[in-house]
Every structure is written in C-alpha cells, then in structure tokens.
Amino acid sequence: MADTPTLFRKVLIANRGEIAVRIIRACRELGLETVAVYSDVDRNAMHVRYSSEAFYIGPPPARDSYLSIEKILEVAKHTGADAIHPGYGFLAERPDFAAACEDEGIAFIGPAPTAIGAMGDKVTARKTVEAAGVPIVPGTELDLRDEELSVAAGFVGYPLLIKATAGGGGKGMRRVDDPDEFENALHSARREAEAAFGDGAVYLEKLIDGGRHIEIQVLADCYGSVIHLGERECSIQRRHQKLLEEAPSPFVDEAMREEMGAVAIRAAQSVNYCNAGTVEFLVDRDRNYYFLEMNTRLQVEHPVTEFVTNMDIVKEQIRIARGRKLSRTQDEIEITGAAIECRINAEDPYNNFLPSTGTITAMTVPTGPGVRVDSGVTTGDPITPYYDPMISKLICWGDTRGAALLRMRRALAEYKIMGLKTNIPFHQNLLDSTRFIAGQYDTTFIEESFFLDEDPNLRPEIAAIIATLAAHDQRRKAAQIVRRNGHDGQSNWKLAGRWQRMRG
Amino acid sequence: MADTPTLFRKVLIANRGEIAVRIIRACRELGLETVAVYSDVDRNAMHVRYSSEAFYIGPPPARDSYLSIEKILEVAKHTGADAIHPGYGFLAERPDFAAACEDEGIAFIGPAPTAIGAMGDKVTARKTVEAAGVPIVPGTELDLRDEELSVAAGFVGYPLLIKATAGGGGKGMRRVDDPDEFENALHSARREAEAAFGDGAVYLEKLIDGGRHIEIQVLADCYGSVIHLGERECSIQRRHQKLLEEAPSPFVDEAMREEMGAVAIRAAQSVNYCNAGTVEFLVDRDRNYYFLEMNTRLQVEHPVTEFVTNMDIVKEQIRIARGRKLSRTQDEIEITGAAIECRINAEDPYNNFLPSTGTITAMTVPTGPGVRVDSGVTTGDPITPYYDPMISKLICWGDTRGAALLRMRRALAEYKIMGLKTNIPFHQNLLDSTRFIAGQYDTTFIEESFFLDEDPNLRPEIAAIIATLAAHDQRRKAAQIVRRNGHDGQSNWKLAGRWQRMRG
Amino acid sequence: MRYEVTIEGQTYLIEISEQGHIKLDGREVEVDFAQVGSSGLFSLLVDNESFEAMVEPREGRWQVLLRGDLYDVDVVDERARLLRARAGLTVPDTGEFKIKAPMPGLVVAVSVEIGQEVAVGDNVVILESMKMENELKAPRKGQIKQVNVEVGDSVEKNQTLVIIE
Amino acid sequence: MRYEVTIEGQTYLIEISEQGHIKLDGREVEVDFAQVGSSGLFSLLVDNESFEAMVEPREGRWQVLLRGDLYDVDVVDERARLLRARAGLTVPDTGEFKIKAPMPGLVVAVSVEIGQEVAVGDNVVILESMKMENELKAPRKGQIKQVNVEVGDSVEKNQTLVIIE
C-alpha cells in the first residue's frame with residue numbers, strides 16, 4: 001500500500017469464484033488488466049474466462065494453489081502485475097502475504113500487514129480497541145483465583161460464561177445463569193480445561209443472550225480519513241455461516257447507526273487502518289453493542305452496502321491502494337432504501353443443508369429492476385467439493401425494506417438452477433416467515449426458532465403432469481431416432497441436428 | 001382511472017415482449033396477479049411464462065391480436081382483471097381503448113382518454129401547449145398567400161422548412177437556407193403538394209439544425225400534483241429509431257433541467273394529465289428547446305430515469321391508477337450518477353441494420369454491480385418478423401457518466417447471444433467513438449457522422465483457432481457415435497447421455 | 001397411455017390419450033404444454049394458469065424445478081411397472097439368470113458387455129415396443145456371461161437377451 | 001490434420017498434430033482449449049491470454065462469438081477441400097450423374113431420398129474415413145434417381161452412392 005499515488009495497470013486476483021469475478025469486473029471498469037490464477041478444477045471457471053490473462057497454479061487443494069504465496073507471487077512477477085487483490089478467505093487476512101507483496105514492490109489491495117496482524121490476534125484486538133474506547137464483551141482478565149472469580153462474577157453479571165484461557169471448541173466452557181451454580185460450574189470447567197489443555201486457567205465473560213450480529217463497513221485512506229457506510233444485519237446464520245444479510249438493519253435507528261459508526265471508526269484508527277474493513281459487533285436486546293472482531297478485508301456481503309450507498313467498495317479499495325484520497329466524505333454518505341442479499345448455496349435445505357456437488361446443467365438468472373446477481377459460475381460450470389458451496393449472491397434493492405423483500409421473492413422465483421440442489425427453497429421459506437418479515441430475529445433464530453416447512457405454494461400435481469408429458473415426449477422421440485438409425489438413411493441428419501442443439 | 005382510491009388485485013397486460021415482462025415483475029412485487037395475452041407465435045414467450053395467467057388472443061398480425069380491443073376486454077372480463085396496463089405501442093395511445101376500459105369499469109393504467117386524444121393530434125397538441133406557454137418550433141399559421149409567406153419567412157428566419165399543410169412523407173417539403181431561394185422553393189413545394197395531395201397549401205417552420213432530442217419524464221396524480229424526473233438524452237437515433245439513451249443529458253445543466261422540467265409540467269397540466277408521461281423537446285445548439293410532442297404512455301427508455309432517481313415508474317403508474325397520491329414531491333427528486341441504455345436489437349449492423357430473425361440458441365446476460373437487463377426472451381425463444389426486433393434493453397449505472405460508459409463496455413462484452421445477429425458491435429463501436437464519449441452528438445450524428453468501422457479489438461486468428469478446434473473435436477465425436485451405433489451395443493447409452501444434455 | 005407418477009410417496013395416475021387429452025387421477029384437465037426451444041424449459045398452461053418449469057431426466061427419474069421448488073418425480077408407464085414387478089420377483093442369488101424379452105420389440109440400447117459386473121436394478125437392455133421404451137434391469141447382482149442381442153435387433157417375446165451369472 | 005480456415009476472405013492454415021500441438025500459418029502457438037460443460041461455450045488460453053467464445057455450427061460453417069463480435073468461419077480439412085474441388089468440376093447439367101465415394105469409408109448419414117430435388121451444394125451423403133467426416137455435396141441440381149447406400153454401410157473407393165438425374 002503506497003502512501004504516494006501509485007499508478008498500476010495490471011491487477012492479479014489471488015482468489016476464485018464470484019469474488020474473483022466481482023474484482024475482475026471492477027478492474028475492467030477502471031481500464032485495468034487482470035491476471036487470474038486457477039487450480040486444476042478451475043481451468044474452465046468464469047474467473048478464468050473473464051480475466052485478460054490466466055495462469056495455472058496447481059492442484060485443487062487450496063494449500064497447493066490458492067494458498068501458495070510463492071506460486072502467486074511468481075505469477076505476479078512473471079506477468080508484471082503491479083497490484084494484488086486477495087478477495088476474501090484464502091490469503092486475504094495473512095499478514096505475511098501482505099508483507100511479501102510489499103517486499104516484492106507489489107501493491108497489496110488491503111490494509112498494512114501490521115493492521116491485519118493486530119486484528120488477527122483476538123486477544124490483541126480486544127485490548128487494542130478497548131484502549132481506544134470501543135466497548136468489548138465485559139469480562140475478567142485472565143488467571144484469577146477462585147475467590148477472585150466468584151467476586152468478579154458479581155460484577156460481570158449473570159448469565160455469564162466461564163471460558164478456558166487455553167480454550168477452544170467449547171472445551172472448559174460453562175454457561176452460568178444463577179450465582180448458586182457458579183462454584184460447581186467453575187470447578188467442573190477447570191477440571192475439563194485441565195484435562196483438555198493441561199491448563200485449568202479460566203476467565204469470565206458476560207453472556208449476550210439473543211444477540212444480533214451487526215457489522216459496520218468502514219473505509220480508510222492513507223491520509224487519515226476514515227468514514228463508515230452504515231451497518232449490515234447478519235444475524236441470519238446457521239452454524240455461524242451467514243445465509244442472508246441486509247442493510248440497513250431493521251434493529252438500528254439513525255442515532256444508533258451514527259454512534260456505532262463512530263465507534264467502528266475508532267476501532268479502525270486504533271490500528272492505523274488503511275483500506276476497506278468491517279467491524280463486527282454483537283448487539284444485545286437493550287441495544288448495547290460489543291466489539292467482536294474486525295475483518296481486515298472485503299466482505300462477502302459488501303453488495304448490500306453498495307446498493308444503499310451507491311458506492312463501489314471494490315473500486316474504492318483500488319483507489320485507496322493507489323494512494324488516492326477517499327472519493328467521499330462522511331457527510332456525502334446517505335443510506336437510500338434497503339437491500340437484501342441471499343447467498344445461493346449448492347446445498348439441500350431439506351436434508352440438513354448437505355452440500356450438493358455437480359455440474360450446473362441449466363441456469364436462468366433473475367434480471368430486471370433492482371436485482372443484482374454476483375455469480376462465479378455459468379451453465380456448464382461444476383460445483384466441486386474443494387471450495388465453498390456458494391453458487392452466487394442474489395441481491396435486491398427496494399425503496400423500503402418491504403419492497404426489497406417482495407422483489408427478492410420475485411427474483412428467487414425467477415432463479416432457475418439445474419444439475420444440483422440449492423438453498424433457494426430455504427430463502428423462499430424465510431422470506432415468508434412472519435418473524436423475519438417483522439425483522440424480529442437474532443443469531444439463534446434459524447437454528448432455534450425457524451423450521452423449514454413445506455412451501456405452501458407446492459404444486460406436486462403440476463410437477464407430476466409436467467414430468468409425465470416430458471417423459472412421454474422424450475421416449476417417443478428417442479424411439480423414433482433409434483428406428484431411423486436402424487432402418488432408413490435420413491436419421492443422421494437428425495443426429496447432426498441434435499449435435500447443433502447440443503452445441504447451441 | 002379512478003379519482004377515489006381503487007384497490008385492484010389483478011392486472012391484464014395488453015402487450016408482449018420485454019415491456020410485458022417488466023410490468024409483470026412490477027405487479028408481482030406489488031402482490032398483484034397478472035393476466036398475459038398472447039398470439040400464436042408468442043405461446044412460449046417469456047411474458048406468458050412469467051404471468052400468473054395467460055390467454056390466447058389470436059394470430060400473429062397485431063391487428064388480429066394485440067390490437068384487438070374486443071378480444072382483450074373479453075379476456076379482462078372473463079378473468080376478472082380490474083386493471084389493464086397497455087405498455088407502449090399497440091393500444092397504449094388509443095383514446096378509444098382507454099375509454100372502452102373505463103366503460104367496462106376496468107382501470108386503465110395511463111392518462112384519461114381526453115389527454116391521450118389531445119396529445120395524439122399533433123396540431124391540437126401544438127396549439128394547446130403553446131397556449132400554456134410552452135415553446136413550439138416557430139412557424140406560420142396555415143394557408144397564407146405567397147406574398148404573406150415571403151414576408152413571414154423573414155420573421156421565421158433561415159434556414160427554414162416549407163411544409164405542405166396536407167403534408168406527409170416529406171412530400172411538398174423544401175429546405176430553404178437563403179432568402180433568394182425562397183420563391184422558387186415555394187413554387188415547387190406548392191406544385192409537389194398539389195400533385196401529391198391535391199392541395200397546394202403550405203406553411204413555414206423554422207429548421208432546427210443539429211438539434212438534439214431531449215425528453216422530460218413527468219408524473220402526475222389525480223390530485224393535481226405534477227412532478228418531473230429530469231431529462232433523457234435520446235439523440236442517438238437511426239431513421240428516427242432510438243438506439244441508445246442516457247440520463248442525465250451531457251448537454252443539460254441543472255438550471256436548464258429545472259426550466260425544461262417546469263415547462264414539461266405546464267404541458268402536462270394543459271391537458272389535465274394524470275399518470276406517467278413524457279414531453280419530447282427538440283433542442284438547438286443555443287439551448288433553445290421546442291415542444292415536439294407528448295407521449296402519453298410509458299417509454300421504452302424509462303429505466304435510465306429509474307436508475308438515476310431510484311424511482312420505479314411502473315409502480316408509480318399503478319399507484320396513480322389506484323387513485324393514490326404521488327409517492328414523492330419534486331423536492332424529493334434527486335439525480336444520482338448517470339445511466340445509459342443500449343437497445344439490443346436482432347439486426348445486423350454491418351449489413352445496413354437488416355433485421356435478423358431466428359431462435360436464440362444460447363444466451364448469457366451480463367450481471368454484477370450497476371447492470372440491469374430488461375429482456376423479453378430467454379434461450380430457446382424465437383425472434384419473429386411479426387414484432388419489433390428488440391431482444392432486450394441493457395442499462396448500466398455509474399456514479400459518473402464516464403463510469404456508466406465503462407461499465408456498459410464491460411457489460412456488452414459479457415453479453416452473449418447466439419442464433420441470430422445483434423447490434424452489440426454497433427454499441428461497442430459507438431462507446432469507443434470520441435464524439436460520443438465527449439457527449440458531442442445530435443440527432444444527425446449516427447446517420448451523418450458516425451461510421452461503423454472494424455472493431456479495433458477484432459481477433460480473427462483467435463476465432464479461426466477456436467472454430468477449427470471445435471470442428472476437429474465435434475467431427476471426431478460424431479464419428480465415434482456413428483461407429484458405435486453401427487457396431488457395438490453401448491452406443492445408445494451415449495445417446496441417452498446426449499438426450500440428457502439436450503434437456504439440460 | 002397410462003402412467004403411475006410418484007412424488008415423495010404421493011402417487012398420481014395420469015392418462016394421456018392418443019389425441020393428447022390428459023386425465024389426472026381420472027379427472028380430465030385442460031393442459032397446453034410446450035417446450036421452449038430445445039432446452040429443458042417448458043411452459044404449461046392448466047386452465048390458463050401459467051407454469052414455467054425446468055425439466056431434466058436423472059437416473060431414470062425426472063427433476064422438475066417449478067417456482068423455486070425441485071421435485072424428484074418417478075414416472076412409470078404400465079409396461080415398466082410390469083417389468084419392475086418382474087424384477088421384484090425373488091431370483092436365485094447364484095447360478096445363471098436369463099433376462100428375457102417380456103414382449104416382442106426392438107432393441108434400442110444395450111448397456112452391458114460380457115464380463116461386466118452389474119448390481120440389482122442396473123439397466124441392462126432397453127427394449128422398444130409400441131413406440132415406448134422399456135428398461136430391462138438386472139434382477140440381481142452378478143457378472144454378464146452372455147449378450148445375445150445388439151442395437152437394432154428385433155426380438156420375440158421370451159427371447160433370452162442377456163445372461164447374468 | 002491440416003485445415004484451411006477462412007474468415008471474410010482472409011484464409012489461415014491451421015495444423016493440429018496428433019499430440020494436439022497447433023500451428024497457425026506454420027507458426028507454433030501454445031493453446032489450451034476447453035469446452036465448458038456440454039454447451040457451446042469454450043475457453044481458450046493462448047500463451048495465457050484468456051478468450052471466451054460461444055461456438056455454433058451453422059449450415060456447414062462455424063459461428064464464433066468472441067468479445068462481442070460474431071465471426072462466420074469456414075473450416076475446411078484437406079479431404080473436404082479435395083471434395084469441393086471435385087464438386088467444382090464442370091458437370092453435365094442433364095442426364096445422370098453418379099456421386100461416388102472418393103475414398104473407402106463408412107456411410108455416416110444419407111440426407112436425400114429417391115425423388116427428392118437437390119440444388120448445387122446440397123449435402124447428399126456424409127462419408128466417414130480415418131475418424132473424419134466428409135460431406136459429399138450435389139455437383140449440380142437435379143432429382144435423386146437412386147440411393148444405393150444406407151447408414152452404417154462400408155463403401156469402397158469410387159463405389160456409386162447416389163445417382164442424380
């Protein structure tokens with residue numbers, strides 16, 4: 001990241017799928033050349049087809065290709081790329097990668113390695129932002145004795161969590177709702193931690209019940225200007241995987257937006273942040289918000305913010321990396337209407353969201369007013385087990401949340417994908433649920449209170465008629481072709497005809 | 001059109017193609033049922049597939065189907081549709097149709113028959129708006145004697161046009177640049193008019209050289225509120241067919257926009273206009289603007305206005321027809337960024353724009369940020385000679401005109417349509433022309449100053465390699481299949497396999 | 001032609017007459033069915049209600065995507081039902097088993113070759129008669145010992161087509 | 001395999017070796033060619049420059065949509081060229097004309113039947129030899145008097161396939 005204007009002409013995208021395509025599009029619209037990289041299974045991928053250049057970097061497992069810093073830098077040097085965009089995931093939050101780019105004199109389109117590092121270590125991050133006056137989930141420092149802890153518990157307040165210092169995977173973690181339970185819980189937690197990590201040290205943290213996941217998008221240039229683009233509501237999750245996001249949050253009002261925005265800006269400033277980033281908060285029922293972490297990269301759900309602010313976050317990232325000032329000031333940011341994003345995944349919502357791999361044999365994407373599709377695949381592309389099962393992101397804008405919601409229903413009904421199962425029925429169900437429509441949901445909603453029931457609009461008898469007519473039709477045709485092949489000469493003209501259609 | 005709130009549930013769309021689909025989408029997003037009508041060739045059309053109901057109304061020629069008022073009203077009554085949206089073309093500007101709907105107690109989503117009628121007769125329209133203080137192209141009244149005319153010519157000013165009163169098709173029309181030419185021109189014009197129409201009466205009109213076609217979108221509710229949504233620049237035309245439109249016009253500044261907007265509103269008020277309409281102006285080099293006509297319907301190019309105002313004009317039309325007030329006041333209208341629309345037509349730009357009919361064998365539509373496609377067809381749909389050759393409208397938004405332009409280039413490159421020729425190369429060429437980029441063009445630009453030259457990015461040798469490899473490939477495959485059919489038994493498994501692919 | 005159509009346990013009886021009239025569980029329904037181009041996209045009008053669906057054959061069944069929901073449909077015509085019943089009969093797990101033509105017809109496809117291992121239900125031969133295809137499946141697992149027919153052969157009822165051992 | 005490829009008057013000589021190496025007008029080019037699924041969409045990498053194209057056969061030629069431009073490409077392999085030369089020979093406009101096999105091969109398709117009217121250049125038979133298909137076209141207009149072969153037949157060089165009168 002330069003602090004004097006850097007003019008670059010060619011950008012290597014160290015990623016794949018929809019986000020690689022998204023970045024390639026931004027580059028094309030800025031007149032920049034692009035270099036795509038691909039693994040064996042991605043040879044035909046959309047990001048390869050849409051890029052001006054494409055280079056093979058190894059076998060499907062990410063560690064051998066998309067996570068290989070050496071290979072990617074080698075391609076960058078070979079092609080004379082003067083910048084690298086990491087997208088999200090893979091190498092996006094690896095300080096060593098950002099540093100390696102700098103060493104090679106290649107602009108890294110993202111924050112400085114130091115900022116990535118500081119926010120990457122959760123304990124450091126917690127300390128740093130707290131020092132900057134950013135509220136964090138209340139709790140104790142580490143390593144207190146039992147007596148101290150039982151006292152501290154009173155201050156932290158119930159319900160609370162006892163967490164193992166060396167913790168992870170819930171081991172040595174206990175939820176305590178009642179002071180009377182505290183002592184037993186503490187001992188069993190220590191025992192479990194001792195057994196699991198050989199270290200019985202624990203600390204206390206307030207338990208945020210029915211919390212919402214709300215995040216603030218920030219933009220910072222290299223001249224100290226930091227602005228926020230409002231919040232995104234990301235509480236629709238399953239196993240910590242976001243499934244649907246919206247902006248603005250139905251839970252956040254203007255005052256709260258301003259306040260959280262200001263806090264997020266402080267968090268970014270605390271690590272001298274420069275580029276686009278997202279500050280995630282946990283928000284409780286009483287609208288208290290607590291810093292969770294800062295993602296030092298582009299988010300999957302950035303389009304909902306782009307829709308309501310009319311800003312292009314990826315172009316802004318490139319602009320910042322070029323050492324230019326932000327294109328807008330905070331006063332020039334206005335939230336217009338509402339946007340919703342549905343992540344369209346190759347998984348079976350009726351079968352415990354089991355991933356569904358295969359080739360997309362046919363696809364019709366929704367179009368028309370207020371609809372945006374960010375896709376990494378087209379008809380003929382495979383969804384492999386090697387990478388995440390996201391097919392695309394469907395984003396809809398409306399002048400009100402209700403309008404965006406109705407438009408999303410329309411778009412989901414238009415979206416046709418064959419060859420594998422998708423979670424579209426889940427989204428259709430969700431958009432029909434009264435609690436979602438009312439905006440009354442938290443991070444536990446999908447797993448605890450939402451049940452995917454039969455789509456009320458199911459028309460099995462219609463499906464039965466259609467399948468029967470198609471079968472009737474096809475068998476007759478098949479029979480004809482075979483008879484022709486066997487008996488008369490015109491047959492293969494049909495064959496040729498079919499070939500053409502296959503190609504078409 | 002009701003003047004007390006009318007709640008309707010079911011809308012019949014008396015149209016076809018992209019605009020029918022556009023209106024169906026708006027209805028779905030408002031929770032309204034839709035009734036589509038179709039002619040024989042449109043049985044499979046997208047507007048039929050996307051509508052909740054569809055009714056056959058006759059053979060392909062429009063007069064037997066889409067122009068048949070009786071048939072359409074019959075379907076409306078049969079299905080209990082309580083409103084009809086005419087779209088554009090066909091019956092959209094037929095006062096008798098609007099009146100017939102009223103008589104049947106069906107809401108006509110458009111202005112009152114009187115307004116349609118007043119604006120439909122160009123002489124009446126000219127008189128009416130002039131009385132309302134709207135500038136019209138300067139000229140003489142009808143039926144003056146030669147001496148009077150030669151005097152009047154001085155006031156009208158040169159260059160001027162001598163037009164036959166009974167005129168049409170340029171018969172009896174003469175352009176006069178120099179007073180000395182006037183007398184001869186007058187006589188030959190009268191002679192030609194006499195011969196052509198048996199009426200030698202002529203009148204004079206100032207000739208607007210190098211004029212631009214700029215139109216103002218207006219919205220009026222039934223309570224006297226009339227607002228404008230700014231202008232659209234429509235000077236990119238060929239044979240009076242618009243090919244590309246943009247908003248705002250690179251030629252119009254804020255002051256001019258306000259002034260023309262106010263004038264357009266006066267024009268609408270002069271006929272007690274109620275619903276969406278467009279006032280077309282001819283604008284000369286000195287920024288003088290003259291009323292041409294008012295289109296009392298939805299325009300093809302309405303999406304560029306929707307993009308820069310974030311308003312949904314079709315939903316607004318329905319809202320007005322329901323007897324509700326406009327959703328916004330003039331103060332709440334703000335022009336954000338710039339939008340461009342390319343009309344994607346089935347015609348061969350390299351062969352005098354000859355219409356190209358056929359079936360769309362494959363199609364990939366551009367997606368991603370700031371791109372909207374309003375299409376009336378999908379893969380497998382035919383483009384027939386019966387209706388206009390428009391395949392779709394590709395609309396791009398950018399925070400500046402330059403950004404919109406670059407995005408349009410990106411989108412055009414992504415747009416793939418097989419099975420017939422399209423004018424996409426024309427648009428790609430146009431977007432590369434310096435005069436267009438500079439916004440320096442008028443209605444004569446395309447026909448007089450723009451020459452479609454070879455795309456500088458042509459790569460015939462690459463096309464040659466691809467075609468050869470595909471041919472090589474396909475012939476080998478074909479050969480294999482045939483051998484199998486002839487000789488061993490596994491063949492037809494492949495056949496089945498192909499069937500599946502064909503279906504997929 | 002009569003079809004037994006099953007979606008998630010629910011079975012429908014659908015009859016298509018020579019004139020293309022359709023009965024759903026005995027009730028006449030007015031349908032207008034059209035394929036869009038040569039793709040898997042179909043338009044169905046049922047009493048003027050409009051439905052758009054993508055249809056794809058998959059593993060002998062039909063995938064129907066209708067208004068966002070994917071239906072897995074099993075379409076069985078009378079003959080196929082008869083044949084399935086056959087395949088259902090308990091057959092010895094060992095020794096030879098002859099797969100015979102249940103009716104006279106034309107061999108449309110042979111999906112196995114000598115020596116190939118097959119599992120229960122694997123397609124072995126497609127026999128076409130009266131314009132309809134009928135899949136003959138392996139009634140038990142085993143190895144193909146003999147293949148007596150090839151594509152284009154006409155066969156008599158009960159003629160042995162393939163032998164599994 | 002050598003191909004003569006023509007686009008708007010400009011002709012390219014393209015050779016594809018058994019190993020898949022490609023020469024354009026004698027110059028070796030490093031290409032990586034892939035079809036996306038079973039559609040007409042292709043990806044071509046030429047020295048790592050990426051091209052995406054939609055390809056469709058149409059009336060014996062190839063339509064290639066590349067970066068917004070549609071190319072109408074004529075791909076002729078050596079045999080076909082030879083055959084075209086033949087068809088080019090002046091032939092009597094009247095009387096019988098025998099279309100003979102220019103080489104031994106397998107009849108892949110027969111596109112005419114007895115009594116059918118054909119115009120100059122109409123496809124008559126496709127003959128496959130050495131894995132390549134060769135279209136035999138009518139050298140003059142006329143009516144098909146006789147069709148001596150059917151799909152699957154193996155024919156000798158100079159064997160009469162079809163007679164036009």
Side-chain angles (χ1 to χ4, degrees), chain A residues 348-350 356 358 361-364 379 409 411-429 431 454-455 457-487 497-498 500-502 504, chain C residues 1 3 5-8 10-12 14-16 20 22 24-25 29 31 33 35 37-42 44 46 49 51-58 61-77 106-109 126 128-134 151-154:
Chain A
D348 182 357
Y350 293 111
S356 165
T361 51
M363 177 158 72
T364 305
T379 304
R409 276 196 196 150
L412 285 168
E414 286 183 15
Y415 211 156
K416 300 177 201 66
I417 302 172
M418 296 296 280
L420 35 69
K421 293 202 165 66
T422 78
N423 62 349
I424 286 175
F426 162 81
H427 287 297
Q428 290 180 310
N429 249 268
L431 266 63
E454 288 279 292
D455 180 342
N457 312 318
L458 280 182
R459 301 293 296 268
E461 81 287 1
I462 298 297
I465 291 172
I466 290 171
T468 306
L469 288 166
H472 191 70
D473 217 35
Q474 188 226 47
R475 291 180 170 197
R476 290 247 296 282
K477 283 190 198 146
Q480 283 157 23
I481 283 143
V482 175
R483 198 165 321 92
R484 289 225 198 70
N485 281 358
H487 315 323
R498 286 210 309 291
Q500 298 201 12
R501 288 206 297 283
M502 288 171 55
Chain C
M1 193 64 214
Y3 292 89
V5 186
T6 311
I7 299 177
E8 303 211 339
Q10 170 79 31
T11 298
Y12 305 86
I14 295 176
E15 295 170 75
I16 305 177
I22 292 191
L24 171 64
D25 293 332
V29 279
V31 307
F33 183 69
Q35 180 173 14
S38 56
S39 69
L41 191 61
F42 292 85
L44 181 74
V46 181
E49 193 181 358
F51 298 91
E52 181 187 42
M54 277 213 181
V55 181
E56 218 172 72
R58 176 169 284 205
R61 300 168 66 87
W62 293 84
Q63 305 287 308
V64 177
L65 184 66
L66 177 66
R67 296 182 177 177
D69 292 296
L70 186 67
Y71 300 84
D72 180 43
V73 189
D74 188 23
V75 180
V76 186
D77 64 65
L106 171 76
V107 176
V108 164
I126 293 184
E128 180 231 315
S129 72
M130 297 173 65
K131 290 192 161 46
M132 299 304 304
E133 291 190 0
N134 308 290
V151 173
D153 292 357
S154 297

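Residue numbering restarts at 1 for every chain, and letters A, B, ... go by the order of the sequence lines.
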* Structure fact -> The reported gap from OG1 in A:Thr422 to CG in C:Leu65 (rounded to nearest 0.5 angstrom) is 7.5 Å
* Structure fact -> Heaviest contributor of heavy-atom pairs below 4.5 Å to chain A, chosen from C:Gln63, C:Glu52, C:Gln10, C:Glu8, is C:Glu52
* What's the spacing between A:Met418 CE and C:Glu56 CD if we round to 0.5 Å? -> 4.5 Å
* Can you find a pair of side-chain heavy atoms, one from A:Leu469 and one from C:Ile22, that are under 4.5 Å apart? -> yes
* **Residue A:Lys416 excluded, over 12 heavy atoms near NZ under 6.0 Å** => yes
* **side-chain contact (heavy atoms from CB on, under 4.5 Å) between A:Leu458 and C:Tyr71, intermediate numbers included** => CA-CA 10 Å; A:Leu458 280 182; C:Tyr71 300 84; 3.0 Å; yes
* To do: Please determine, among C:Ile14, C:Val46, C:Leu66, the option with the most heavy-atom pairs under 4.5 Å with chain A.
  => C:Ile14
* Structure fact -> Heavy-atom closest pair (C:Ile7 atom, A:Pro460 atom, distance to 0.1 Å) is CD1-O, 3.3 Å
* chain A interface, residue from C:Val31, C:Ile16, C:Asp25, C:Leu70 that has the most non-hydrogen pairs under 4.5 Å -> C:Ile16
* Asked: Can you tell which of C:Val73, C:Asp69, C:Leu24 has the highest number of heavy-atom pairs within less than 4.5 Å of chain A?
  -> C:Asp69
* **Nearest heavy-atom neighbours spanning A:Ala471 and C:Trp62** => CA-CZ2, 3.4 Å
* Asked: What's the shortest heavy-atom distance between A:Pro425 and C:Gly68, and which atoms?
  -> CG-O, 3.6 Å
* Asked: Do the side chains of C:Val29 and A:Glu461 get nearer than 4.5 Å, heavy atoms only?
  -> no
* **Pairs of heavy atoms under 4.5 Å with chain C: top-ranked of A:Ile462, A:Ile417, A:Ile424, A:Ile465** => A:Ile462
* **A:Ala464 versus C:Val5, closest heavy-atom pair with distance** => CB-CG1, 3.7 Å
* Qualifying residues under side chain to side chain contact (heavy atoms under 4.5 Å, CB included), relative to C:Arg67, sequence neighbours excluded -> A:Arg459, C:Glu49, C:Phe51
* **Heavy-atom closest pair, residues A:Ala362 and C:Met54** => CB-SD, 3.7 Å
* Structure fact -> Under 4.5 Å to a heavy atom of chain C? For A:Glu414 that would be neither
